[in-house]
Protein chains: 2
Amino acid sequence: MSTAAVADTRPYHHGDLRRALVDAAIRILEREGPGALSLRAVAREAGVSPAAPYHHFKDKGELLDAVAHVGWEALGVAMTDAKARSSAEMGSMLTEIGVSYVQFSQDHPALYRVMYDCSRDKDMLPEGIQDKEDSAYCLVRGAFKQVAGDEVADMDVELATIAAWCAGHGLAEMSMFKQFAPLKEAFGGEEGFLRAVLSHLGMFNRKT
Amino acid sequence: MSTAAVADTRPYHHGDLRRALVDAAIRILEREGPGALSLRAVAREAGVSPAAPYHHFKDKGELLDAVAHVGWEALGVAMTDAKARSSAEMGSMLTEIGVSYVQFSQDHPALYRVMYDCSRDKDMLPEGIQDKEDSAYCLVRGAFKQVAGDEVADMDVELATIAAWCAGHGLAEMSMFKQFAPLKEAFGGEEGFLRAVLSHLGMFNRKT
DNA sequence: TGTCCGATCTGGACAGTGCTCAGATAGGCT
DNA sequence: AGCCTATCTGAGCACTGTCCAGATCGGACA
C-alpha cells in the first residue's frame, strides 16, 4: 500500500494520535462505561494497532491521566459557568456551584469516575490534573470567601471549602446509586433533590 | 451441631471453602490493595484451583459482594460502638459516628473501596449488603432524630441523614488522597482534622 | 535532488486474567 | 454395599497489558 493514502481517513503516520486516543477513550467511556475501557479497545476505536499507544503513553495509567485531565477541564468550565450565572444573587452562589458539580458527575458518570480513579496517589499525578483540580478548588474557596465576608477566619474558609468539596463528591457518588429514586421524585427530579440535600448539610452540627 | 448452627453453609470435604475464599480475598486486599485482587490470586491464596471458586460464587462480582458484606458488618459495629461511647454527651453523637465512619475508611481503605465498587447498581445488590447498609443508615437517622428533637419534620431528618452520609463518604474518599497532609498536621492529626471539617459542614448554607 | 535518521506504527509474542467444561474425587444417602 | 450429588481439578478460550523486532514514513541534511 504505497499510494492513494492522501484522501483516505488515515495517513498511516497519524497526525495527532495522542489526541485521537484520548478522544477515543472518552468516546468509549461515554458509550460503554469504564468497564469497557481497555487499552486495546481504545486502539481499536482509533483504528490503530494495540501497541501504538505505547509511543504516546508510558502505560494505561498515563492514558487515563490524560483523560482525567480533559475531565477536570470540562468540570472547571461547568463550575465557572454556574458561578457566573448565579453572581446576581450572592447567597445562592455556593448552591449553584455545588449543583453544577453534582450535575456534571451525573451527566458524565464514567468520566467522573476516571477523574478520581486514574491514579492511586493524587500527589503523584502529573501537574496538569492537580492544577485543574486546584483551580476548581480555588473557585469554590473564592465563592466561600465572598459569601462568608470578612469576619470569618481564613482557616474556617479553608475547612468549609474542604467540607463542601467532600459533600459534593459524596453526593455525586451517592447519586449514582439508584437508592434515592423515591426521594428524587418527591422533590421534582434530580436537581430539586440535590438542592434539598445541599440545603440540609448544616443540620450536621445542629445544637440541642 | 449444638453450636447454634452458626454458619448455615454446611461444611464439606475440604473445609468451608466459601468462607475461606472471602477471608483470603480480604487478606489480599489488606496486604496488596484492590489492584491485586484477582479471582485466581484468591484461589491461590486459599490453596485451591482457579476454577474452584465458581462452585461457590457465580462470578468475581459475587465474591466481591460477599467481601463487601463483611465490610458493611464491620463498619456497622464500629459506628454502633461510636454511638454508644458518645451517648453521654448527646450533641457530639453525630460527630462521633461520623468520625468512626471516616476512621474505618482510613483503617481499611481497600475494603472500603470494595464496599462501594462491588456492584454497579446498588439496587441489584444481594439483600445482605442492602440490609447492613440500611441498618447503618438507620443508625445515623436515629441519631439525627434524637439530636434534632420533635420540632423537625421527618423529611428534614431524612435529608439531613443523606447529607451527612454523603459528607462522610466524600470526606472518607478525599482523606485517602494525601493532599490534606499539612492541614491534618495543623489540627493535630487525622482525627482532629476530621472533627474540624465535620464541624464546618454547616457553613455551606451560611446566610449573608 | 537523493539519502539517510529517527519518530511512528505494526504483527507477533508472553504472562496474566475471567470464565467454561469434561472429567476426577469423595461425602452422605438408601 | 452402591449410587448420587456436591465439590474440586486441568485444560482451554478469549481477552487483557506490555514488550519486542522489524516495517514505514516525514523531514533534515547532502
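So you know, we letter chains A, B, ... as the sequences are listed, proteins then strands, and number each from 1. Because the structure is predicted, anything quoted here is derived from the model rather than measured.
Remark: P of C:dT8 and CG of A:Asp16 are 10 Å apart, rounded to the nearest angstrom. What separates NE2 of B:His55 from P of C:dT20 is a distance of 11 Å, to the nearest Å. The distance between atom CD of B:Glu62 and atom P of C:dC19, rounded to the nearest whole Å, is 11 Å. Atom CZ in B:Phe57 sits about 14 Å away from atom P in C:dG18, given to the nearest Å. Spacing between atom CG of B:Leu21 and atom C1' of D:dC8 amounts to 12 Å, rounded to whole angstrom units. With rounding to whole Å, B:Leu17 atom CG is found 13 Å from D:dT9 atom C1'.
At C:dC9, one or more side-chain N or O atoms of A:His56 fall inside 4.0 Å of OP1 or OP2 (strictly under the cut-off).
For the salt bridge (charged side-chain N to carboxylate O under 4.0 Å, His left out) condition, no pair includes a residue of residues 160-170 of chain A, sequence neighbours left out. Sorted by first and then second residue, the salt bridge (charged side-chain N to carboxylate O under 4.0 Å, His left out) pairs involving residues 45-58 of chain B (not counting sequence neighbours) are B:Arg27-B:Glu45, B:Arg31-B:Glu45.
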Restricting both atoms to N or O, compile the protein contacts to nucleotides 15-19 of chain D shorter than 3.5 Å, with distance only.
| residue | atom | partner | partner atom | Å |
| --- | --- | --- | --- | --- |
| D:dT16 | OP1 | A:Ser38 | OG | 3.1 |
| D:dT16 | OP2 | A:Arg44 | NH2 | 2.9 |
| D:dG17 | OP1 | A:Leu39 | N | 2.6 |
| D:dG17 | OP1 | A:Lys60 | NZ | 3.3 |
| D:dG17 | OP2 | A:Leu39 | N | 3.0 |
| D:dG17 | OP2 | A:Arg40 | N | 3.0 |
| D:dG17 | N7 | A:Arg40 | NH1 | 2.4 |
| D:dG17 | O6 | A:Arg40 | NH1 | 2.8 |
| D:dT18 | OP2 | A:Tyr54 | OH | 2.9 |
| D:dT18 | OP2 | A:Lys60 | N | 2.9 |
| D:dT18 | O5' | A:Tyr54 | OH | 3.1 |
| D:dT18 | O4 | A:Arg40 | NH1 | 3.2 |

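Among residues two or more places apart in sequence or in another chain, the salt bridge (Lys or Arg N to Asp or Glu O under 4.0 Å) test is passed with A:Glu190 by A:Lys184. Under the salt bridge (Lys or Arg N to Asp or Glu O under 4.0 Å) criterion, A:Glu191 pairs with A:Arg195, not counting sequence neighbours. Checked against ring pair (Phe, Tyr, Trp, His ring centres under 6.0 Å), B:Phe104 has the following partners two or more places apart in sequence or in another chain: B:His108.
Rounding to the nearest 0.5 Å places OG of B:Ser105 at 8.0 Å from CD of B:Gln103.
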